[in-house]
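Notes to accompany the following structure.
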Amino acid sequence: MLVSVFAIFVGSMTADAGTKEVAVLAPVWASAAETAEIVARSGGSIVAGAGVANVIIARSDNPDFVSTLYSAGAWLVLDAVKLRGCLSV
């Protein structure tokens with residue numbers, strides 16, 4: 001049951017193409033510099049850290065930003081606006 005709830009949560013938070021502000025989740029072993037490099041290679045700018053090295057809030061006006069992040073090595077890209085609203089961040 002808990003796995004199903006988690007899957008629904010993650011699925012509803014996943015960024016769509018064209019989402020401008022996202023939470024970028026890099027591999028769990030990635031350093032903050034490696035996570036920032038994923039954002040930089042994708043043409044985005046860092047908005048904020050998220051308290052752990054492999055998660056960064058980033059922004060770009062490029063409509064292909066989400067797919068570019070995945071190509072650059074992001075494991076998961078979530079909609080930061082939805083995430084903040086849900087978690088009251």
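Along the sequence shown, the residues carry numbers beginning at 1.
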- [ ] Give a yes or no on whether the backbone of Phe65 and the side-chain of Tyr70 come within a donor-acceptor separation of less than 3.5 Å.
- [x] no
Open item on the list: Any heavy-atom pair between the side chains of Val22 and Val66 that's under 4.5 Å?
Closed with: yes
Task: Value rounded to 0.5 Å, distance of OG1 in Thr68 from CZ in Arg41 - done: 11.5 Å
Open item on the list: Ignoring hydrogens, what is the shortest heavy-atom contact between Val24 and Ala74? Give both atom names and the distance.
Closed with: CG1-CB, 3.9 Å
Task: Leu25 vs Val77, side-chain contact (heavy atoms from CB on, under 4.5 Å): CA-CA, chis, key distance, verdict - done: CA-CA 6 Å; Leu25 285 75; Val77 181; over 6 Å; no
Could you pull out every donor-acceptor pair under 3.5 Å between side chains of residues 54-63 and any protein atom, sequence neighbours left out?
unit_1, atom_1, unit_2, atom_2, d
Asn54, ND2, Ala26, O, 3.0
Ser60, OG, Asn62, N, 3.1
Asn62, OD1, Asp64, N, 2.8

Task: Single-linkage hydrophobic cluster, 4.5 Å side-chain cutoff, Trp75 and Leu69 together - done: no
- [ ] Over all heavy atoms of both residues, which pair between Ala30 and Ala53 is shortest? Give the atoms and the distance, please.
- [x] O-CB, 3.7 Å
